[in-house]
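Lettering of chains follows the sequences in order, A, B, ..., and the numbering in each one begins at 1.
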Amino acid sequence: MMSGRDGEFRFNRRQFGLATSAAGLALSMPGYLRPAFAAGEDSAAVIAGKVSGLIIHNAKLGVMETPLTLLRQHKHTPKEILYSRFHFPHEGEAAWYDTIKAPDFPDWTITIDGLVARPRTVKAADLAGMEQVKRVSVLQCAGNGRAFYAAKQKVAGGQWHNGGMGNIEWEGVPFRPFLEAQKLLVSSGAKWITAHGWDHPATPEGSSFAKSYHIDDPALDNAILALKMNGEPIPAAHGGPVRLIIPGYYGNMNVKQINTILFEAEQSPSVYQSMGYRMPLVPVEPGKFGANDYTLTNSVPTYGHKIKSAIFSPLPEDKPGAGAVEITGVAFNDGRGPITRVEVSSDGGKTWTDAEIEAPESPWAWYHWKAKGTLAKGENTLISRATDSLGRSQPLDGLVWWNPRGYEWNGADHVKVTV
Amino acid sequence: MRRAILLWAVACLGLGLGRASADEITLPDGPGRDLVYARCQTCHDLGYLKESSGIPASAWKDILVTMYGFGLRIPDAEKAQIVTYLGTYLGPNPPPAAPAVSTADAAPSLNGGKLFEQNCSACHQKTGKGLPASFPPLAGNSDLFLDRLYPVHVVLNGLTGKIEVGGKTFNGTMPSFAHLDDARLAAILNYVRGAWGNAANAPAGMRPLAAVDVKGLRDQKQTPKEVHGLRASLLK
């Protein structure tokens with residue numbers, strides 16, 4: 001099924017051909033830079049270098065989702081199609097990250113401060129001279145799949161389906177060894193590590209973006225201060241020049257444009273830590289638990305990816321015929337234990353078959369899988385459901401985890417195809 | 001007609017990019033809509049609102065509280081109006097679209113200062129001083145007098161791209177305010193041209209704007225980038 005090669009970009013010719021011919025223009029512009037004149041909305045105009053045809057959730061915030069027909073073509077998701085999500089307008093002095101080009105900040109620094117005896121400021125340029133490691137990890141928006149919660153009660157925000165993710169090869173400096181090498185002399189009172197990004201809100205009253213992690217969080221053992229994404233300097237839109245990558249953690253935890261690391265007694269007061277991007281500890285009901293009812297004790301930040309699978313083919317766009325069909329897709333989790341099983345049904349859950357699972361590139365990467373099914377005339381519901389070695393599995397009905405901000409959807413994936 | 005389309009396409013090509021979506025999103029007409037346009041687009045465009053339509057009124061109320069955390073500072077009365085509008089028109093059971101009613105007839109009592117506060121101050125501030133690096137000042141802004149009609153182009157179509165105002169660079173996007181009627185836009189612009197000492201910068205003989213001036217440009221739809229181009233040509 002995998003037709004794309006790492007680093008090679010292909011777009012859906014049918015889609016973009018239509019867009020350009022509608023304007024009556026035969027352009028010989030290079031590949032994906034072709035603008036779509038026909039539609040009012042053009043993702044290529046939202047972030048420079050992105051392809052046309054991404055699903056725009058919010059242009060001013062550069063929030064865009066990758067159609068699965070594009071996403072499935074690549075082993076490592078290219079920057080031209082990778083979903084994007086900024087928290088603040090990419091305008092004014094923030095306009096520099098409105099592009100997939102690498103940012104040009106030779107003097108970028110990261111300041112490490114807080115409850116340490118020896119605060120340090122490290123040049124990003126010096127990071128490049130340190131030991132580098134690679135981490136292939138799924139990057140996924142915590143809101144990916146939010147649209148599916150509408151079957152119970154629609155929740156506010158971008159209505160993401162499954163395209164708010166990508167499989168990325170990151171490269172950078174191992175986080176803990178880096179911190180140790182700084183000889184910070186961390187106080188015993190430090191319980192949290194907080195990462196701040198350069199970006200900031202449109203108005204001074206807004207909350208700046210920061211994420212906090214328990215100081216002994218085992219996920220940080222695998223974290224890197226990433227300088228490269230898919231073998232190139234990290235694009236500005238995806239967090240360059242330096243992005244904290246914590247493999248297996250939801251997108252928002254991987255702070256973009258990192259410039260400050262604080263050792264603190266408490267987690268950050270940023271609303272992005274205290275109120276946004278949190279999950280209730282127990283299932284909650286619409287009308288009984290609202291978007292502002294989160295506390296530090298009744299909820300937790302969206303840390304590791306809940307186990308999940310997504311069907312990549314056939315999709316309705318493939319217009320499959322009746323009879324035998326190969327069903328393919330990906331599965332992933334937080335990397336704490338391997339995915340051991342993907343069950344697939346092509347008849348709405350009446351019968352199930354175990355998919356054949358490919359060995360992943362890393363514990364945090366996509367596990368590709370394929371299974372045989374049969375399509376009948378009429379509507380067919382395909383379902384996939386992953387399980388890992390820790391016994392964690394996707395709920396058949398993801399609505400059990402309905403939450404008023406619509407995060408961490410991980411219901412068994414359902415795709416309807418009509419033959 | 002075909003020629004017009006071709007010209008438009010060529011213009012887009014020249015600019016390198018198609019039109020971004022932000023200025024294309026409209027919400028159903030109803031009381032409080034203009035306040036939503038004025039208050040919510042400082043930080044995000046209306047895409048989120050449109051995509052969220054159908055959530056319960058109580059969830060819209062929660063969102064206003066959430067937005068306080070993200071920096072929204074507006075009077076309670078405005079909050080209430082916005083919640084009522086969103087809960088009604090973007091709630092689970094929106095009323096059928098009402099026939100378009102022109103409010104231009106209400107023109108005589110228009111208060112430009114009040115309209116400015118309602119529609120423009122979220123970004124440009126009541127003082128007209130704007131916010132450094134984000135929103136340009138209108139106080140002392142010489143663009144207001146580039147020519148008599150230039151500001152009309154801006155409020156009708158929006159403006160995007162790098163500009164320099166008072167020696168400071170801004171590189172943002174102002175949305176279109178074409179949802180306001182001709183008389184209101186004229187009243188706002190006349191107010192801005194007279195406020196904060198701006199009157200002293202007015203070229204001799206520049207007449208105040210009338211609704212008919214706005215009306216005359218309304219159908220000449222431009223992209224925010226084209227307005228940026230117009231500005232550049234007027235500066236030459």
Side-chain angles (χ1 to χ4, degrees), chain A residues 19 23-25 27 29 33 35-46 48 52 56-61 63 87-96 98 147 150 153-160 201-207 270-272 274-276 286-287 290-293 404-405, chain B residues 2 5-6 8-10 12-13 15-25 41-56 58-63 65-73 92 122-123 131-136 160-162 169-175 225:
Chain A
L25 293 167
L27 298 176
M29 291 173 67
L33 294 174
F37 292 111
E41 302 198 14
D42 180 3
S43 51
V46 175
S52 295
I56 301 173
H57 292 303
N58 200 298
K60 193 175 176 91
L61 294 181
V63 184
H87 296 95
F88 311 120
H90 43 99
E91 300 164 2
E93 58 182 16
W96 65 268
D98 181 20
Q153 171 63 66
K154 187 173 181 179
V155 294
Q159 299 296 306
W160 299 82
T203 63
E205 294 85 3
S207 189
S270 164
V271 295
Y272 292 95
S274 63
M275 192 61 80
N292 304 299
D293 291 338
R405 289 183 183 238
Chain B
R2 173 175 289 271
I5 290 172
L6 246 179
W8 173 70
V10 168
C12 286
L13 255 185
L15 294 163
L17 294 170
R19 185 175 186 148
S21 65
D23 53 327
E24 309 249 333
I25 299 165
Q41 298 189 81
T42 304
C43 296
H44 56 81
D45 67 38
L46 301 174
Y48 276 166
L49 282 75
K50 198 115 182 169
E51 281 196 24
S52 302
S53 63
I55 65 172
S58 62
W60 282 118
K61 195 173 178 188
D62 287 344
I63 283 184
V65 177
T66 303
M67 290 304 143
Y68 182 90
F70 291 136
L72 183 69
R73 297 292 181 272
C123 296
L131 281 178
S134 297
F135 310 116
T160 191
K162 199 175 272 190
T169 301
F170 298 86
N171 193 359
T173 297
M174 170 170 156
K225 270 187 181 287

Leading residue by heavy atom contact count with chain B [cutoff under 4.5 Å; candidates A/Met275, A/His57, A/Gln159]: A/His57
Under the side chain to side chain contact (heavy atoms under 4.5 Å, CB included) test, residues paired with B/Pro56 that sit two or more places apart: A/Gln153, B/Ser58, B/Ala59
Closest approach of A/Thr203 to B/Gly71 (non-hydrogen atoms, all atoms of both residues): OG1-O, 3.8 Å
Between B/Ala122, B/Pro136, B/Ser53, the one whose heavy-atom pairs under 4.5 Å with chain A are most numerous: B/Ser53
Under 3.5 Å donor-acceptor, B/Asp45 side chain and A/Asn58 backbone: no
Atom of B/Ser52, atom of A/Gly157 and distance for their closest heavy-atom approach: OG-N, 2.8 Å
Nearest-0.5 Å distance that lies between atom CG in A/Asn292 and atom CE in B/Met67: 9.5 Å
Spatial distance of atom CD (A/Glu205) from atom OH (B/Tyr68) [nearest 0.5 Å]: 8.5 Å
All ring-ring contact (aromatic ring centres under 6.0 Å, His included) counterparts of B/Trp60, not counting sequence neighbours: none
Atom pair OG (B/Ser134) and CD (A/Glu93), whose distance is rounded to the nearest 0.5 Å: 6.0 Å
Which atom of A/Ala202 lies closest to which atom of B/Thr42, heavy atoms considered: CB-O, 3.8 Å
Chain A contacts, top residue of B/Glu51, B/Lys162, B/Arg73, B/His44 (heavy-atom pairs, under 4.5 Å): B/Glu51
Winner by heavy-atom pair count (cut-off under 4.5 Å) against chain A, out of B/Thr160, B/Thr66, B/Leu72: B/Thr66
Heavy-atom pair with the smallest gap, counting every atom of B/Asp62 and A/Ala291: OD2-N, 3.6 Å
Heavy atoms of other groups near B/Lys61 NZ, more than 12 under 6.0 Å: no
Under 4.5 Å from any heavy atom of chain B - which part of A/Val155: backbone
